Chemist: 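Have a look at the structure that comes next, please.
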Amino acid sequence: MTPPRTRFAPSPTGFMHIGNARTALFNWAFARRHGGIMVLRIEDTDEARSTAESEAAIFDGLGWLAIEWDEGPFRQSERRDRHRAAVEELLAKDRAYRCVCTREELEARKQATIAAGHKWVYDGRCRDANHGAGAGAHTVRLRMPQGGLLGWDDLVFGASGQDASEIGDMILRRSDGAPLYNLAVVVDDVDMHISHVIRGADHHSNTPLQLAIYRALGCEPPRFAHVPLIVGKDGKKLSKRRDPVSLQGFRAEGVLPGAMRNWLVRLGWSHGDQEIFSREEIARLFDLDAVHRSAAQADAQKLAWLNQQYIKTLARDELVAALLPFLEQAAGHPVRRNAELDALVELLRERSRSLVEMAQLARFLVVDEIAYDAKAAAKHLRPEIRPALEDLHARLEALEPWSPAGLEASFEEVRAVHGGLAMGKLAQPVRVAITGGEVSPPIFDTLAVLGKTRSLARIAEALHELRHG
RNA sequence: GUCCCCAUCGUCUAGAGGCCUAGGACUUCGCCCUUUCAAGGCGACAACACGGGUUCGAAUCCCGUUGGGGACGCCA
């Protein structure tokens, strides 16, 4: 195949939606797979809804997922002249005409038609009226073919199409002169030499009418590939109200970009039984022929599992860097990277499903004052453990060097001296004393990471609590 | 309502007529490991929507039914 040219064309309204992110990913992957390029085009023709923040969220989200585009970003709003020229061209070729029907008239006729049990499409009232440029307020409509199939071979859905007679003459230009989406996409895709339009299946039924525009313009349409929608738990198209759909939202919850990308690519696409795909593998393995036709439900648990897989294997430098903001959030103050933090991160890798969780687990290392979890303290910091804890504190004060092996030996001594005390009976109180909670990496490693001075201080503090609290 | 589309475990999916007593993954539940929590190992539960064809043979092909979804804007 000649190198394909794909495009990702989001409209900058609201935050970046995961459905959009997946569409971007598919476009990028398909282009990479076949040595083509991806164009980024911001469809901001709806001035009322488009915002700069939303546009920034698109760049931000794409950057986070490491989905890079090769050309653009182009803004549809900057191409108004081209869109207007195309409308004029269609008018000149009599493939379009001016329509003076008002919204009110249209609405009335539409209601009447529906009430009569018929499907409403524009009734063609102005079709042959020959309104000139001076007709007053008017829209411009495409003169649809009277019949015949507007069909295409969809790369995902296969043979698709609709009879032209079922489609009304759609509006190409609003009465205020603004060209509409369907016209603009076609003109832009033609000008940008897009060879493959890969987009959500919600556009599947829009395609025939875009095909009509290509035809009217005398242009060869691109190949189309409609990818199945991502649906929520209710099986319906993701909704901002019901479902977590914001890419930034997932990011804020501590999801790693690799996990997000992996989760997204497997929604509607698969490659045998493989579950984990690196960015490079996606670029090498992805193809449209393995894309499904049925909608996929977004499963947060699978994402969580994937996230854990990525946390387990991410390079340490990257993991620590990704964790830092979350850790600062948890600590409430700036945190500097050091050897102890690195060591702790290694211990926490297998225990964290998200960076938020990891930060929670790492917090004890970077704060001066830990607070005991009430339940944990009540369960493990009990008077009867005091003698053993005091003994342990004394032995640890003398321990040199402060290593996991040495710590273990000290614990064993204490257990032996105190009537064969179970490891759990001793370790849990210490864990609560030094971390505040009853969950942490193995106790000797945890003590080693915290360091002698701070560990002893926290055990002493716990003993103080036991004596006076 | 009209048009279009979809249909394998709860979820993501493998499966392109015999390799399927339907495989993998997530979730759930056991067991092992174990100082907590995880991770890891082993195992269990769990699906071809239904009905007709076609065929020696159908999860795979055809038709219908049912269920679900999408599109029907002077939004994108």
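Order of the sequence lines sets the chain letters (A, B, ...), proteins ahead of strands, with each chain counted from 1. A quick note: this is a predicted structure, and the numbers were derived from the prediction, not measured.
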Chemist: Measure from the side-chain heavy atoms of Gln297(A) and tell me the nearest of U13(B), U11(B), G73(B).
Modeler: U11(B)

Chemist: Pairing donors with acceptors under 3.5 angstrom, does anything connect the side chains of His196(A) and Asn27(A)?
Modeler: no

Chemist: Is a side-chain donor or acceptor of Thr139(A) paired with a backbone partner of Ser175(A) at a separation under 3.5 angstrom?
Modeler: no

Chemist: Whole-Å distance between G40(B) C1' and Gln309(A) CD?
Modeler: 11 Å

Chemist: Would you mind checking if Asp191(A) and Arg79(A) are paired as a salt bridge, meaning a charged N to carboxylate O distance below 4.0 Å?
Modeler: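 Here Arg79(A) pairs with Asp191(A) in a salt bridge, since their nearest N and O are under 4.0 Å apart.
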
Chemist: Taking the side chain of Glu43(A) as its heavy atoms from C-beta onward, which of C75(B), U11(B), A76(B) lies nearest to it?
Modeler: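 Among the listed nucleotides, the one closest to the side chain of Glu43(A) is A76(B).
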
Chemist: Whether the side chain of Asp273(A) and the base of G23(B) hold a donor-acceptor pair under 3.5 Å is what I'd like checked.
Modeler: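 A donor-acceptor contact between them is present.
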
Chemist: Which part of the nucleic acid, if any, lies within reach of Lys233(A) when heavy atoms closer than 4.0 Å are counted: base, sugar-phosphate only, or nothing?
Modeler: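 No contact at all - Lys233(A) keeps every heavy atom at 4.0 Å or more from the nucleic acid.
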
Chemist: When you check the gap from the basic side-chain N to the acidic O, do Lys236(A) and Asp234(A) get nearer than 4.0 Å?
Modeler: no

Chemist: Charged N to carboxylate O below 4.0 Å: is that the case for Glu166(A) and Lys119(A)?
Modeler: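 Here Glu166(A) does not pair with Lys119(A) in a salt bridge, since their nearest N and O are not under 4.0 Å apart.
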
Chemist: Quick check on C6(B): is either OP1 or OP2 less than 4.0 Å from any side-chain nitrogen or oxygen of His226(A)?
Modeler: no

Chemist: Rounding to the closest angstrom, what is the interatomic distance between A39(B) and C29(B) at atom P?
Modeler: 13 Å

Chemist: For Leu229(A), answer base if it contacts any base atom (sugar-phosphate contacts may also be present), sugar-phosphate if it contacts only those atoms, and nothing otherwise; contact means non-hydrogen atoms under 4.0 Å.
Modeler: sugar-phosphate

Chemist: So what does Ser175(A) touch, heavy atoms closer than 4.0 Å: a base, only the sugar-phosphate, or nothing?
Modeler: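 Base contact - Ser175(A) has a heavy atom under 4.0 Å of at least one base atom.
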
Chemist: Quick one: which of U11(B), A76(B), C37(B) gets closest to the side chain of Gln76(A)?
Modeler: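 So the nucleotide nearest the side chain must be A76(B).
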
Chemist: When all nucleic acid strands are considered with a 4.0 Å heavy-atom cut-off, which category describes Gln301(A): base, sugar-phosphate, or nothing?
Modeler: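 The residue Gln301(A) makes sugar-phosphate contact but no base contact.
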
Chemist: Heavy-atom nearest nucleotide on RNA chain B for Ser11(A) versus Val121(A): which residue maps closer to 5'?
Modeler: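 Per heavy-atom nearest nucleotide, the more 5' residue is Val121(A).
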
Chemist: A58(B) and G53(B): how far apart are their C1' atoms, nearest whole angstrom?
Modeler: 12 Å

Chemist: Can you tell me how far C1' in C20(B) sits from the matching atom in G15(B), rounded to whole Å?
Modeler: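 Here C20(B) and G15(B) have their C1' atoms 9 Å from each other.
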
Chemist: Nearest whole Å is fine: how far is G73(B) P from Glu104(A) CD?
Modeler: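 For the pair Glu104(A) CD and G73(B) P, the rounded distance is 16 Å.
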
Chemist: Does U27(B) have its OP1 or OP2 closer than 4.0 Å to a side-chain nitrogen or oxygen of Arg353(A)?
Modeler: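 Yes, because at least one side-chain N or O of Arg353(A) sits under 4.0 Å from OP1 or OP2 of U27(B).
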
Chemist: May I ask you to say what Phe411(A) touches in the nucleic acid, namely base, sugar-phosphate or nothing, with a heavy-atom cut-off under 4.0 Å?
Modeler: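 The answer is nothing, as Phe411(A) stays clear of every strand by at least 4.0 Å.
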
Chemist: Would one find a side-chain N or O of Lys119(A) under 4.0 angstrom from OP1 or OP2 of C3(B)?
Modeler: no

Chemist: Can you tell me if Arg293(A) touches the phosphate of C6(B), counting only side-chain N or O atoms and a distance under 4.0 Å to OP1 or OP2?
Modeler: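 Result: yes.
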
Chemist: Roughly how far apart, to the nearest Å, are A59(B) and U8(B) at atom P?
Modeler: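 One P to the other, the span is 15 Å.
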
Chemist: On a whole-Å scale, what distance lies between the C1' atoms belonging to C31(B) and G64(B)?
Modeler: 49 Å

Chemist: Hunt down the Watson-Crick or G-U wobble partner of C26(B), both distances under 3.5 Å, from any strand shown, or write none.
Modeler: G10(B)

Chemist: Take the protein atom CG of Leu264(A) and the nucleotide atom P of C12(B), then report the distance between them rounded to whole Å.
Modeler: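 The answer, rounded to whole Å, is 15 Å.
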
Chemist: Could you check whether Leu180(A) gets within reach of a base, just the sugar-phosphate, or nothing at all, counting any heavy atom under 4.0 Å?
Modeler: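 Sugar-phosphate contact only - Leu180(A) comes under 4.0 Å of backbone atoms but never of a base.
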
Chemist: Between Lys312(A) and G40(B), is there a side-chain N or O to OP1/OP2 distance below 4.0 Å?
Modeler: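 Affirmative; the distance criterion is met.
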
Chemist: What is the distance from OH of Tyr181(A) to C1' of C72(B), rounded to the nearest Å?
Modeler: 15 Å

Chemist: Remember a base hit wins even if backbone is also touched, and classify Leu267(A) as base, sugar-phosphate or nothing at under 4.0 Å, heavy atoms.
Modeler: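 Touches sugar-phosphate only.
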
Chemist: Touch check for Pro442(A), heavy atoms < 4.0 angstrom, all strands: base, sugar-phosphate only, or nothing?
Modeler: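 Base contact.
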
Chemist: With sugar-phosphate meaning primed atoms plus P, OP1 and OP2, does Glu438(A) contact a base, only sugar-phosphate, or nothing at under 4.0 Å between heavy atoms?
Modeler: base

Chemist: When you measure from the side-chain N and O atoms of Lys237(A) to the phosphate of A71(B), is any distance below 4.0 Å, counting only OP1 and OP2?
Modeler: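 Yes, such a contact exists.
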
Chemist: Taking atom P in both C6(B) and C62(B), compute the distance separating them and give it to the nearest angstrom.
Modeler: 11 Å

Chemist: Under 4.0 Å between any heavy atoms, over every strand shown, what does Gly268(A) touch: base, sugar-phosphate, or nothing? Just pick one.
Modeler: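 Contact class for Gly268(A): sugar-phosphate only.
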
Chemist: Is the shortest side-chain N/O distance from Ser205(A) to OP1 or OP2 of G70(B) below 4.0 Å?
Modeler: no

Chemist: With rounding to the closest Å, how many angstrom separate the P atoms on A22(B) and A16(B)?
Modeler: 16 Å

Chemist: If we call it a pair only when both distances are under 3.5 Å in a Watson-Crick or G-U wobble match, what pairs with G64(B)?
Modeler: C50(B)

Chemist: In whole Å, I'd like the distance from the CD atom of Gln162(A) to the C1' atom of C4(B).
Modeler: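 The distance from CD of Gln162(A) to C1' of C4(B) comes to 7 Å, rounded to the nearest Å.
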
Chemist: Just to confirm, is there a sub-4.0 Å distance from OP1 or OP2 of A39(B) to any side-chain nitrogen or oxygen of Gln308(A)?
Modeler: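 For Gln308(A), the contact criterion (side-chain N or O under 4.0 Å from OP1 or OP2 of A39(B)) is met.
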
Chemist: Nearest-Å distance, CD (Gln111(A)) to P (U2(B))?
Modeler: 17 Å

Chemist: Check the phosphate of A76(B) against Thr45(A), side-chain N and O only, distance under 4.0 Å to OP1 or OP2. Yes or no?
Modeler: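 Result: yes.
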
Chemist: Can you check whether Phe30(A) and Trp269(A) have ring centres sitting under 6.0 Å from each other?
Modeler: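 No.
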
Chemist: Please determine, for U36(B), whether a Watson-Crick or G-U wobble partner exists with both distances under 3.5 Å, and give it or none.
Modeler: none

Chemist: I'd like to know whether the aromatic ring centres of Trp152(A) and Phe157(A) sit less than 6.0 Å apart in this structure.
Modeler: no

Chemist: Do Ser160(A) and Phe224(A) come within less than 4.5 Å of each other through their side chains, counting heavy atoms only?
Modeler: no

Chemist: With heavy atoms under 4.0 Å as the rule, sort Ser294(A) into base, sugar-phosphate or nothing.
Modeler: sugar-phosphate

Chemist: So what does Lys379(A) touch, heavy atoms closer than 4.0 Å: a base, only the sugar-phosphate, or nothing?
Modeler: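 Here Lys379(A) touches no strand at all.
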
Chemist: So, His203(A) and A76(B): ring centres less than 5.5 Å apart, planes less than 30° off, yes or no?
Modeler: yes

Chemist: Is the shortest side-chain N to carboxylate O distance from Glu47(A) to Arg80(A) below 4.0 Å?
Modeler: yes

Chemist: With a 4.0 Å cutoff (strictly under), does any side-chain N or O of Arg174(A) reach OP1 or OP2 of C75(B)?
Modeler: yes

Chemist: Any ion pair linking Arg75(A) and Glu55(A) (charged N to carboxylate O, less than 4.0 Å)?
Modeler: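 Salt bridge: yes.
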
Chemist: Once each nucleotide of nucleotides 41-47 of chain B is scored for protein heavy atoms under 4.0 Å, what B/S/- sequence comes out, 5' to 3'?
Modeler: -------

Chemist: If you assign each of Pro228(A) and Lys425(A) to its closest nucleotide in RNA chain B, which residue comes earlier from the 5' end?
Modeler: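 Closest to the 5' end, via its nearest nucleotide, is Pro228(A).
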
Chemist: Look at Glu412(A) together with Arg415(A) and state whether they make a salt bridge at an N to O cut-off of under 4.0 Å.
Modeler: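 The answer is yes: the pair qualifies as a salt bridge.
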
Chemist: Tell me what Asp46(A) touches on the nucleic acid: a base, only sugar-phosphate, or nothing, going by heavy atoms under 4.0 Å.
Modeler: sugar-phosphate

Chemist: Quick one: does Glu350(A) reach the base of G40(B) with a side-chain donor-acceptor pair under 3.5 Å?
Modeler: no

Chemist: Once you round it to whole Å, what is the distance between P of U36(B) and CZ of Phe444(A)?
Modeler: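 To the nearest whole Å, that distance equals 11 Å.
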
Chemist: Sort out the partner of U2(B) for me: Watson-Crick or G-U wobble, both distances under 3.5 Å, none otherwise.
Modeler: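 By the stated definition (distances under 3.5 Å), A71(B) pairs with U2(B).
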
Chemist: Scan side-chain atoms only and decide if Asp169(A) and Tyr97(A) contain a donor-acceptor pair under the 3.5 Å cut-off.
Modeler: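 Note: Asp169(A) and Tyr97(A) side chains meet the donor-acceptor criterion.
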
Chemist: What is the distance, rounded to the nearest whole Å, between atom CZ of Arg431(A) and atom P of A38(B)?
Modeler: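 Interatomic distance, CZ of Arg431(A) to P of A38(B): 12 Å.
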
